[in-house]
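A note on names: the letters A, B, ... follow the listed sequences, proteins ahead of strands, and every chain is numbered from 1.
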Protein chains: 4
Amino acid sequence: MPLDWPVIVHPRGLFYDGTLATQKNKHRLVQEFRRAGILQTACSLFARRGFAGTLMDDIARESGLAKGTLYLYFRSKKAICRELLLNHLRVLHERTLARMTGERTLRGKVEAYISLSFNYCDEHRDFFRILHTEAANLSGPPILSKTQLRDWQSEPAAALAEAIRSSIARREIGKLQPEAAAWAIVDITRGAIERRLSGQSPAGGCGDAAFLAEFVWAALSRFPAPRPRKAAGAAK
Amino acid sequence: MPLDWPVIVHPRGLFYDGTLATQKNKHRLVQEFRRAGILQTACSLFARRGFAGTLMDDIARESGLAKGTLYLYFRSKKAICRELLLNHLRVLHERTLARMTGERTLRGKVEAYISLSFNYCDEHRDFFRILHTEAANLSGPPILSKTQLRDWQSEPAAALAEAIRSSIARREIGKLQPEAAAWAIVDITRGAIERRLSGQSPAGGCGDAAFLAEFVWAALSRFPAPRPRKAAGAAK
Amino acid sequence: MPLDWPVIVHPRGLFYDGTLATQKNKHRLVQEFRRAGILQTACSLFARRGFAGTLMDDIARESGLAKGTLYLYFRSKKAICRELLLNHLRVLHERTLARMTGERTLRGKVEAYISLSFNYCDEHRDFFRILHTEAANLSGPPILSKTQLRDWQSEPAAALAEAIRSSIARREIGKLQPEAAAWAIVDITRGAIERRLSGQSPAGGCGDAAFLAEFVWAALSRFPAPRPRKAAGAAK
Amino acid sequence: MPLDWPVIVHPRGLFYDGTLATQKNKHRLVQEFRRAGILQTACSLFARRGFAGTLMDDIARESGLAKGTLYLYFRSKKAICRELLLNHLRVLHERTLARMTGERTLRGKVEAYISLSFNYCDEHRDFFRILHTEAANLSGPPILSKTQLRDWQSEPAAALAEAIRSSIARREIGKLQPEAAAWAIVDITRGAIERRLSGQSPAGGCGDAAFLAEFVWAALSRFPAPRPRKAAGAAK
DNA sequence: CATGAATGAGGATTCATTCAT
DNA sequence: CATGAATGAATCCTCATTCAT
């Protein structure tokens with residue numbers, strides 16, 4: 001039962017993006033409210049203990065519901081996780097493209113992508129944690145299909161690639177492989193976010209994002225780089 | 001699947017790539033042969049089905065051994081996985097540092113790091129697959145400690161950072177944050193490898209590695225990049 | 001074997017012999033009913049096949065429950081056995097002391113101890129069988145601690161010893177070592193019960209109990225015995 | 001392969017009762033030597049860890065033999081335990097009857113039985129420990145048949161009963177049930193020995209044995225005891 | 001004979017899912 | 001709708017016994 005309107009799981013409670021459509025009957029509302037509550041609880045648990053490490057009993061207890069009730073709203077444990085991830089992916093996805101579309105310049109788009117990724121990560125650490133561990137995983141049939149996962153990064157990557165391509169066409173930057181460069185940007189961003197999630201680098205700081213944008217821009221604007229002078233000198 | 005001859009990383013750092021230490025007595029040799037065979041089989045299975053999805057029965061069957069026999073060589077399923085990962089991590093680690101040390105220039109070190117990563121990945125796809133999924137995971141106590149995992153990338157990163165630092169000192173490249181840049185290199189490399197593993201980009205091609213090195217070098221040698229001219233012009 | 005009605009010793013000391021505490025709500029009642037049923041079934045099985053020889057599958061089947069259900073009521077197989085034994089030990093213990101306290105004379109106390117032991121044994125043969133075999137045993141950590149087992153006999157023995165002591169003080173009987181004599185009584189009783197359980201002597205007969213009391217009383221009231229006359233005569 | 005001559009397992013080594021028949025070929029001797037060694041080792045282990053808690057690996061290691069070798073001498077683990085117990089039972093049995101036969105008077109026989117039991121227990125604590133725990137037990141088919149176990153005590157009991165019977169016939173003591181009295185003696189002795197083994201009463205002391213003999217003799221020589229005077233007086 | 005590596009049947013425990021109330 | 005007691009398939013590990021060397 002996919003939601004018609006986007007559900008945003010927020011730490012303060014459950015909010016429905018846009019107007020909280022009051023004309024829907026109460027029943028439907030409660031339905032969605034329950035679904036959202038379960039998803040939020042599950043999100044926190046999956047992030048803390050992993051998919052296999054989270055029991056349906058745990059989800060039920062922390063949701064304040066009975067175990068059987070969970071099955072009124074979701075077909076299975078995997079379905080919970082799947083919906084959880086897909087909801088977030090969709091929102092992340094939409095936001096990302098929206099922000100990037102709003103930017104005109106390549107540099108603007110790059111910065112938009114990186115900073116939005118960082119922001120979303122800070123707001124939804126649990127989601128990211130699950131995404132980076134369980135989603136990639138593969139106990140039995142995977143929770144998300146390869147395609148679903150691929151799209152997560154590949155659409156932003158495609159958008160970046162397109163921006164790069166047009167930037168090259170405008171002679172703004174030199175010739176380089178747009179897709180490869182786009183993926184490099186995506187990878188750098190993801191890596192930085194993971195370190196942030198694992199506590200290796202301080203969260204909340206915007207230094208990382210700024211540096212990454214700068215780093216990327218240096219590469220894009222200079223590519224292809226000249227051979228290092230020193231090495232050249234040594235070769236003489 | 002009887003083993004032709006296991007090409008495996010051995011606890012003592014020995015490789016059975018065809019050249020075999022013959023001074024060992026036969027018994028010891030068989031011992032190690034079995035261990036290596038089990039590890040190899042398990043590696044393949046873990047990569048295909050994940051840790052939880054792989055049964056001891058499966059490992060036994062594919063090893064051509066009885067289930068009980070596995071426990072003569074390893075204490076538990078987790079122990080198999082742990083040894084598997086640690087062996088590879090150690091070798092990968094040693095090789096990486098050795099290759100990088102062999103290079104004098106920063107560019108050389110960067111290229112060494114990237115190309116060696118790609119090579120090792122191509123040779124040991126299964127290992128990488130496990131590393132990128134199960135190792136990071138967390139059902140119950142993790143298979144590898146955070147420290148063991150962190151070291152996997154952090155030492156090469158540290159080596160890269162050091163190389164960058166000294167390159168800056170020699171005025172070879174401009175000022176930038178050595179650690180952040182080093183991690184960017186590591187992340188780009190890892191991302192490219194993962195796409196390669198998942199079949200998104202063609203394996204065996206050396207184009208990726210070359211492009212990455214180029215891309216990175218462009219960033220390092222230009223940093224900090226000038227503000228984009230066009231954007232500046234547009235801003236007027 | 002569906003339960004007609006479990007006659008079982010309950011943790012709180014309640015008996016479900018037909019009179020049932022009706023003020024408990026139904027849920028709680030069912031809970032206890034199940035626990036009691038499982039304990040009874042297990043008691044019978046442990047007695048017949050021993051602890052190790054009894055499978056959880058067996059207990060489940062004979063209880064008319066699924067294997068998993070057992071674990072809703074007890075943490076483990078050992079926990080079932082432990083609770084079984086402790087419940088009985090407590091009741092046996094309480095009854096024994098109560099009966100003995102009710103008697104004034106030493107002979108009365110001795111008879112009370114012996115006859116109550118016989119009665120309880122006749123009512124709960126399975127329990128005694130387990131107690132005499134598994135409890136004393138020692139595969140891995142014992143089911144009951146040494147202390148828990150020791151108390152089983154040592155408190156009645158202590159009570160007997162005290163009665164003997166005061167009887168000596170009243171000059172009712174001669175001087176003898178109260179503890180040693182008390183344990184002799186306990187040992188004689190236990191031995192007779194075991195033979196009864198193993199079918200060596202007919203069960204249900206009260207002849208044994210009467211004889212033992214008589215025998216013990218003869219010893220107590222005559223101690224120390226004069227040297228045998230015949231031997232004395234031979235010595236002349 | 002039952003031994004023709006009795007094998008006594010002695011702490012100092014392995015001795016064969018009687019003459020160490022040298023005319024047997026060396027092979028046979030070694031055979032028996034091995035058997036005896038295994039039995040001794042197993043005895044110690046069974047006593048310490050119980051039957052189920054003792055692994056064939058343990059017995060092999062402590063015997064200084066390979067695991068497979070054990071099966072050249074014994075059909076199974078249970079066979080080791082059975083032979084162990086039967087050997088000891090036979091010797092204990094023979095000694096007991098011999099000592100009792102050597103005594104003329106009932107009192108002498110009783111004292112002989114009790115003191116020999118204590119002595120044998122002190123010399124072979126391991127054996128007794130096994131006998132008192134595992135023998136009675138019943139994981140799967142019992143190690144010793146009911147009959148074999150019964151005989152352990154029932155023959156001495158029968159001998160005691162016979163002595164009592166003839167003592168009654170000689171009017172040495174009053175009328176009482178010979179079997180019941182005999183078993184009472186056996187039970188008292190066994191109980192005292194068990195407490196000794198479990199450390200409840202000090203080992204090596206002969207006080208216990210002396211007291212028991214005295215206690216028993218008091219009972220036998222007075223039976224049936226007169227009703228307690230005090231109680232009689234109270235009844236007036 | 002002696003070995004000890006290999007075997008595999010056996011069993012306790014977990015937990016996602018169902019369904020009667 | 002909501003519940004939570006009941007289910008039983010699934011899986012890791014042990015250890016007595018065998019047998020090729």
Side-chain angles (χ1 to χ4, degrees), chain A residues 27 30-31 34 51-61 63-80 140, chain B residues 26-27 30-31 34 51-61 63-80 139-140, chain C residues 26-27 30-31 34 51-61 63-80 139-140, chain D residues 27 30-31 34 51-61 63-80 140:
Chain A
H27 174 263
V30 170
Q31 282 279 104
R34 281 275 162 83
F51 181 78
T54 299
L55 309 185
M56 288 300 268
D57 282 286
D58 297 333
I59 300 176
R61 194 176 331 104
S63 297
L65 297 171
K67 198 168 22 161
T69 308
L70 300 181
Y71 287 86
L72 296 178
Y73 295 94
F74 298 94
R75 186 180 300 275
S76 68
K77 185 167 117 172
K78 202 137 66 179
I80 296 178
Chain B
K26 196 176 178 184
H27 172 265
V30 169
Q31 280 279 108
R34 278 278 156 79
F51 181 79
T54 300
L55 308 187
M56 287 302 268
D57 281 291
D58 297 335
I59 300 177
R61 194 175 330 102
S63 297
L65 297 172
K67 205 178 355 175
T69 309
L70 300 182
Y71 288 89
L72 295 179
Y73 294 93
F74 299 94
R75 186 180 299 276
S76 68
K77 189 166 101 165
K78 201 138 70 176
I80 295 177
S139 302
Chain C
K26 197 175 177 183
H27 172 264
V30 169
Q31 280 279 109
R34 278 279 156 76
F51 181 79
T54 299
L55 308 188
M56 287 301 268
D57 281 290
D58 297 335
I59 300 177
R61 193 175 331 103
S63 298
L65 298 171
K67 205 174 2 172
T69 308
L70 301 181
Y71 288 88
L72 295 179
Y73 294 93
F74 298 94
R75 186 179 299 274
S76 68
K77 188 166 101 164
K78 200 138 70 178
I80 296 178
S139 302
Chain D
H27 174 263
V30 170
Q31 282 278 104
R34 281 274 163 83
F51 181 78
T54 299
L55 308 185
M56 288 301 269
D57 282 285
D58 297 333
I59 300 177
R61 193 176 333 103
S63 296
L65 297 171
K67 199 168 21 162
T69 308
L70 300 181
Y71 287 85
L72 296 177
Y73 294 95
F74 297 94
R75 184 180 301 274
S76 68
K77 185 167 116 171
K78 201 138 65 179
I80 296 178

Visitor: Taking the side chain of D:L55 as its heavy atoms from C-beta onward, which of F:dC12, F:dA16, E:dC15 lies nearest to it?
Guide: F:dA16

Visitor: Could you pick out which residue, B:T69 or C:G68, lies toward the 5' side of DNA chain F when each is mapped onto its nearest nucleotide?
Guide: C:G68

Visitor: Considering all heavy atoms of both residues, which atom of D:K77 and which atom of D:F51 are nearest to each other, and what is their separation?
Guide: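 The answer is NZ-O, 3.0 Å.
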
Visitor: Counting Watson-Crick and G-U wobble pairs only, both distances under 3.5 Å, name the nucleotide matched with E:dG4, or none.
Guide: F:dC19

Visitor: Does A:D57 or D:G64 map to a spot on DNA chain E nearer the 5' end, using the closest nucleotide for each?
Guide: D:G64

Visitor: Quick check: closest heavy atoms across C:D57 and C:K67, and the distance to 0.1 Å?
Guide: OD1-CE, 3.2 Å

Visitor: Between D:L65 and A:Y71, which has a closest nucleotide on DNA chain E that is more 5'?
Guide: D:L65

Visitor: Would you mind telling me which of F:dT3, F:dT17, E:dA2 lies closest to the side-chain atoms of A:A66?
Guide: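 Selected nucleotide: F:dT3.
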
Visitor: Whole angstroms only, please: what is the CG-C1' distance between A:L72 and F:dT3?
Guide: 9 Å

Visitor: Looking only at side-chain N and O atoms, does D:Q31 come under 4.0 Å of OP1 or OP2 in E:dC1?
Guide: yes

Visitor: By the 4.0 Å heavy-atom rule, please label C:Y73 as base, sugar-phosphate, or nothing.
Guide: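 Sugar-phosphate only.
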
Visitor: Can you tell me how far P of E:dT14 sits from CG of C:L70, to the nearest Å?
Guide: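 Atom CG in C:L70 sits about 12 Å away from atom P in E:dT14.
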
Visitor: Looking for any heavy atom pair under 4.0 Å, which part of the strands does D:K67 touch: base, sugar-phosphate only, or nothing?
Guide: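 Result for D:K67 = base.
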
Visitor: Between A:R34 and F:dA2, is there a contact of a side-chain N or O with OP1 or OP2 at under 4.0 Å?
Guide: yes

Visitor: Does any nucleotide pair with E:dA12 by Watson-Crick or G-U wobble geometry, both distances under 3.5 Å, and what is it?
Guide: F:dT11

Visitor: Could you state the atom-to-atom distance from CZ of A:R61 to C1' of F:dT3 in whole Å?
Guide: 16 Å

Visitor: So which atom in D:A66 and which in D:A60 form the shortest heavy-atom distance, rounded to 0.1 Å?
Guide: C-CB, 3.9 Å

Visitor: Without decimals, in angstroms, what is the distance between C:M56 CE and F:dG8 P?
Guide: 15 Å

Visitor: Counting only side-chain heavy atoms from C-beta out, which of F:dC1, F:dT7, E:dA12 sits nearest to C:K77?
Guide: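 Of the options given, the side chain of C:K77 lies nearest E:dA12.
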
Visitor: What pair of heavy atoms forms the shortest contact from D:M56 to D:I80, and how long is it?
Guide: CE-CD1, 4.1 Å

Visitor: Kindly compute the distance separating OG (C:S63) from CG (C:D58), expressed to the nearest 0.5 Å.
Guide: 10.0 Å

Visitor: Measure CZ/D:F74 against P/F:dA16 and give the value in whole Å, please.
Guide: 16 Å

